[in-house]
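For reference, the structure is listed below as structure tokens.
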Amino acid sequence: MLFSKIRHIQLLGVRYRSSHYVTTPIFYVNAAPHIGHLYSAVIADAHCRYQRLRYPDTEVRLCTGTDEHGTKIQQAAAAHEVPVGQYCDEISARYREVFKAARIEYDDFIRTTEQRHKLAVSDFWHRLQSRGHIYSAAYSGWYCVSDETFLTDSQLRLDEASGARYSLESGHPVEWTEETNYMFPLSQFQDDVRHWVKQEARIRPAKFEKILLDTLSEPLPDVSISRPANRVHWAIPVPNDETQTVYVWLDALINYLSSLGYPNEQYLAHWPPAQQVIGKDILKFHGIYWPAFLLAAGLEPPRQLHVHSHWTVDGQKMSKSKHNVVDPVEAAKQYTMEGLRYFLLREGVAHSDGNFSHVKALRILNSELADTLGNLLSRACAKSLNPQQMYPEAHVEHLSQLLQHLDAGKRLQEALFHLAGRCEQHYEGNHFHLVADTAIAALHAANNFFECAKPWELKAGGSSPNAQRLQTIIAMTMDALRLCGIVLQPMMPQLTSRLLDKLNVPIAQRSWRHLGESFATATSGNGPESHQLDEHSSALLFQRIVEQQDKPREQRAQSAAQSKRSKSKRERKTSATMS
Ligand code: MSP
């Protein structure tokens with residue numbers, strides 16, 4: 001039954017198969033963005049960049065935005081004594097700024113306070129209602145404002161001493177609430193949702209599929225989809241009933257449709273989402289409520305949910321009360337935004353929580369970006385070895401000699417030969433840490449090759465065999481840098497663009513299919529023609545990060561004064577915007 005329904009809906013979308021629609025969750029505007037939020041966006045962005053690189057004929061679309069309604073936002077604005085609309089504008093703008101700095105290449109940034117979204121919510125409500133999936137009932141239960149959800153007794157923890165109850169999962173307090181609301185008959189869709197969840201590769205990683213199936217194995221209570229307007233006034237009114245406002249999660253989930261122009265039929269050009277990126281804390285909403293709402297409305301549910309785990313900081317959950325929230329803008333001052341992107345994708349794995357530690361970030365960025373990638377580029381571009389500043393062509397006899405008689409040459413060829421295939425496989429599963437592993441291993445092989453080939457013992461210039469051997473070593477090293485640069489573009493768009501600019505690789509030759517063009521795929525040399533490096537681009541890709549205590553005393557005093565100045569400037573700016 002479900003699948004004949006979906007099949008029918010799918011047929012409508014056949015001619016639009018060339019679209020790949022990806023979404024991030026929309027972010028609450030109760031507080032400024034932190035690295036956890038950025039992580040959701042960076043995963044989605046890297047995924048989309050890979051899709052564009054690998055499937056240039058597919059239209060990839062990325063949507064992100066801010067979730068601006070509900071009690072939580074009402075309370076945050078009141079606490080800052082700012083009108084709620086102004087408060088939303090301010091925090092939403094901060095998300096845009098951070099995403100711009102982090103090069104999140106979105107096609108749309110949607111805000112739930114926009115008119116186009118309100119129209120979509122109203123239409124969706126009518127759709128549910130006209131299909132008989134909304135009823136009114138007296139409802140009572142424990143509501144968690146912070147998580148914006150009602151919780152059942154089994155989802156609560158009772159603090160014996162104070163008598164207060166808390167959400168077991170998030171730890172946030174709950175309050176007893178009795179009201180008459182509109183309800184959604186979730187139980188009627190439980191079997192359909194279970195069926196949807198069980199489809200191959202629907203929920204990734206598999207661990208989260210299991211969590212959903214466990215939840216779905218128990219009877220699920222119906223969901224309250226409205227709140228009394230006198231309690232939650234900062235919300236979208238229920239159509240034709242101004243005493244009620246739409247439940248924030250129903251409102252928020254519909255953003256994925258309103259971004260596409262729903263209810264205008266044009267939304268079908270991209271629907272359903274190919275992949276929705278979400279954190280593990282919002283799995284129930286996206287893995288149960290969302291497909292149920294969509295099926296009830298007669299729309300196809302998403303093809304895949306990619307669920308990621310969370311970042312802790314020095315082993316602790318990030319929270320304002322612990323004063324350990326990592327602000328991406330601050331972190332980028334130390335690591336650069338590209339460094340931060342790389343660290344999040346390189347160190348984070350979807351199935352378990354990652355720990356953000358300064359020591360680890362420093363170690364990874366210095367060893368991989370500065371010493372392995374950056375250093376190799378500087379060496380290959382050094383004037384002493386490369387006085388004419390060329391990306392030379394390999395000479396056939398020297399190439400076959402280096403590949404046959406130098407183990408390090410063979411190992412480099414082997415690493416580059418497998419680079420595209422392995423990285424493709426890892427990108428397809430959003431395993432960014434494995435992409436980094438593979439590329440860094442190839443760069444280690446290239447560094448090792450460079451060391452073993454000893455180019456500094458050969459004399460540059462002219463057409464002597466020595467000079468030709470030297471050119472061949474540089475050509476092979478630059479091929480390695482070029483291929484790794486292409487592969488790492490989705491993870492570090494700006495740093496790799498500087499690398500490929502320096503190597504003077506035309507934009508049209510930076511796509512996935514160009515990974516097949518290098519000395520590693522044909523012994524006759526199959527890389528780009530010999531050409532000049534770009535003299536306007538720097539060969540310094542990533543400056544080693546030096547710890548405060550390692551800097552000379554004078555420099556330390558300077559940077560302390562600098563950070564004091566920028567801190568007070570920031571504080572002045574924040575109090576000006578918040579007051
Ligand atoms: N507004 C809802 C989502 C509605 S989508 C229709 C929401 N917003 S949020 O701002 O709280 O979270 C947005 C995203 O940030 C979620 O994917 C969440 O998992 C992620 N993160 C929040 N804290 C995080 C960490 N500490 N670590 C990693 N990601 C984290 O939920």
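At least one side-chain heavy atom of Val145 sits under 4.5 Å from a side-chain heavy atom of Gln75. Contact annotation: the side chain of Leu369 never approaches that of Leu541 to less than 4.5 Å [non-hydrogen atoms, C-beta and beyond]. A 4.5 Å side-chain heavy-atom check between Arg94 and Phe27 finds every atom pair outside the cut-off. Using a 4.5 Å heavy-atom threshold, the side chains of Leu377 and Leu503 count as touching. Within the 4.5 Å cutoff, the side chain of Leu295 has heavy atoms near those of the Pro301 side chain. For the pair Gln489/Leu500, a side-chain contact is recorded, criterion being any heavy-atom separation below 4.5 Å from C-beta on. Taking 4.5 Å as the limit, some side-chain heavy atom of Arg61 sits within range of a side-chain heavy atom of Asp108. Using a 4.5 Å heavy-atom cutoff, the side chains of Cys63 and Asn255 are in contact.
Of all non-hydrogen atoms in Asp534 and Asn504, the two that sit nearest each other are N-ND2, 3.8 Å. Nearest approach of Gly65 to Thr24, heavy atoms of both residues: N-OG1, 4.4 Å.
Classified by interplanar angle (parallel below 30°, tilted 30° to 60°, perpendicular above 60°), the ring pair His431/His433 is perpendicular. Under the 30°/60° scheme for interplanar angles, the aromatic rings of Tyr106 and Phe109 are found to be tilted. Relative ring orientation between Trp234 and His69 is described as perpendicular, the plane-to-plane angle rising above 60° on a 0-90° scale split at 30° and 60°. Between Tyr289 and Phe285, the angle of the ring planes goes over 60°, which puts this pair in the perpendicular group of the 30/60° scheme. The aromatic rings of His270 and Tyr21 are tilted relative to each other, their planes meeting at an angle between 30° and 60°.
Annotation: the span from His117 atom NE2 to Ile254 atom CD1 amounts to 6.5 Å, rounded to 0.5 Å. Rounding to the nearest 0.5 Å gives a distance of 5.0 Å between CD1 of Ile26 and OG1 of Thr112. Rounding to the nearest 0.5 angstrom, the gap separating the OG atom in Ser170 from the NZ atom in Lys317 is 6.0 Å. Separation of atoms CG (Asp123) and CG (Leu257) is listed at 9.5 Å; rounding is to 0.5 Å. For the atom pair CG (Leu305) and CD1 (Ile203), the distance works out to 4.0 Å, reported to the nearest 0.5 Å. Rounding to the nearest 0.5 Å gives a distance of 11.5 Å between CD1 of Ile364 and OG1 of Thr372.
Contacts of Tyr267 classified as side chain to side chain donor-acceptor pair (under 3.5 Å), with partners at least two apart in sequence or in another chain: none. Partners of Thr438 under the side chain to side chain donor-acceptor pair (under 3.5 Å) rule, at least two apart in sequence or in another chain, do not exist in this structure. Not a single ring-ring contact (aromatic ring centres under 6.0 Å, His included) links Phe124 to another residue, sequence neighbours left out. Asn30 meets the side-chain contact (heavy atoms from CB on, under 4.5 Å) test with Tyr28, Lys72, Ile73, Ala76; sequence neighbours excluded. Under the salt bridge (charged side-chain N to carboxylate O under 4.0 Å, His left out) criterion, Asp314 pairs with no residue at all, not counting sequence neighbours. Scanning for side-chain contact (heavy atoms from CB on, under 4.5 Å) contacts around Leu119 gives Gln115, with sequence neighbours left out. The side-chain contact (heavy atoms from CB on, under 4.5 Å) check on His514 picks up Ile486, Gln509, Ser511, Glu517, with sequence neighbours excluded. For the side-chain contact (heavy atoms from CB on, under 4.5 Å) test, residues two or more places apart in sequence or in another chain that qualify with Val329 are Val98, Asp327. Shown here are the ring-ring contact (aromatic ring centres under 6.0 Å, His included) partners of Tyr143, two or more places apart in sequence or in another chain: Phe150. Judged as a ring-ring contact (aromatic ring centres under 6.0 Å, His included), and not counting sequence neighbours, the contacts of His47 are His20.
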Any chance you could lay out the ring-ring contact (aromatic ring centres under 6.0 Å, His included) test for Trp512 and Tyr50, step after step, and finish with the verdict? CA-CA 9 Å; Trp512 204 260; Tyr50 162 73; 5.3 Å; yes
Evaluate the ring-ring contact (aromatic ring centres under 6.0 Å, His included) criterion for residues His358 and Phe343: first the C-alpha distance (whole Å), next the side-chain angles of each, then the deciding distance (0.1 Å), finally the verdict. CA-CA 11 Å; His358 174 62; Phe343 178 74; over 10 Å; no
The test is side-chain hydrogen bond (donor to acceptor under 3.5 Å, both in side chains); show your working for Glu338 and Thr336 and say whether it passes. CA-CA 5 Å; Glu338 289 287 287; Thr336 73; over 6 Å; no
Evaluate side-chain hydrogen bond (donor to acceptor under 3.5 Å, both in side chains) for Tyr247 paired with Glu148, printing each intermediate quantity in order. CA-CA 9 Å; Tyr247 172 45; Glu148 294 285 16; over 6 Å; no
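Under the side chain to side chain contact (heavy atoms under 4.5 Å, CB included) rule, Tyr256 has a single partner from Thr23, Leu294, Ile110, which is Thr23. Evaluated for a ring pair (Phe, Tyr, Trp, His ring centres under 6.0 Å) with His133, the options Phe189, Phe293, Trp125 yield exactly one hit, Phe189.
For Ser40 and His308, the side-chain atoms include at least one donor-acceptor pair closer than 3.5 Å. Between the side chains of Arg227 and Thr71, not a single donor N or O lies within less than 3.5 Å of an accepting N or O.
The salt bridge (Lys or Arg N to Asp or Glu O under 4.0 Å) analysis of residues 40-49, with sequence neighbours excluded, yields the pairs Asp45-Arg49, Asp45-Arg341, Arg49-Glu105. Listed by first and then second residue, the salt bridge (Lys or Arg N to Asp or Glu O under 4.0 Å) pairs that reach into residues 280-298 are Lys280-Asp353, sequence neighbours excluded.
Salt-bridge formation is detected for the pair Arg510/Asp501: a Lys NZ or Arg NE/NH1/NH2 atom is positioned less than 4.0 Å from an Asp or Glu carboxylate oxygen. With respect to Arg54 and Glu424, a salt bridge is recorded, a charged nitrogen being found less than 4.0 Å from a carboxylate O. Between Lys118 and Asp251 there is no salt bridge, since no side-chain N of the basic residue sits under 4.0 Å from a carboxylate O of the acidic one. Using a 4.0 Å cut-off between charged nitrogen and carboxylate oxygen, Glu330 and Lys333 count as a salt-bridge pair.
Residue Arg116 places its CZ atom among more than 12 non-hydrogen atoms of other residues, nucleotides or ligands, all under 6.0 Å distant. Around the CD atom of Gln129, the shell of radius 6.0 Å holds more than 12 heavy atoms that belong to other residues, nucleotides or ligands. For Lys198, the NZ atom counts as loosely surrounded, since its 6.0 Å shell holds 12 or fewer non-hydrogen atoms of other residues, nucleotides or ligands. Shown here is Lys207, whose NZ atom has more than 12 heavy atoms of other residues, nucleotides or ligands within 6.0 Å. The environment of Lys322 atom NZ is dense: over 12 non-hydrogen atoms of other residues, nucleotides or ligands sit within 6.0 angstrom.
Listed for the Gln199 side chain is a donor-acceptor partner under 3.5 Å among the backbone atoms of His195. With hydrogens and angles ignored, the 3.5 Å screen pairs a side-chain donor or acceptor of Asn264 with a backbone N or O of Gln266.
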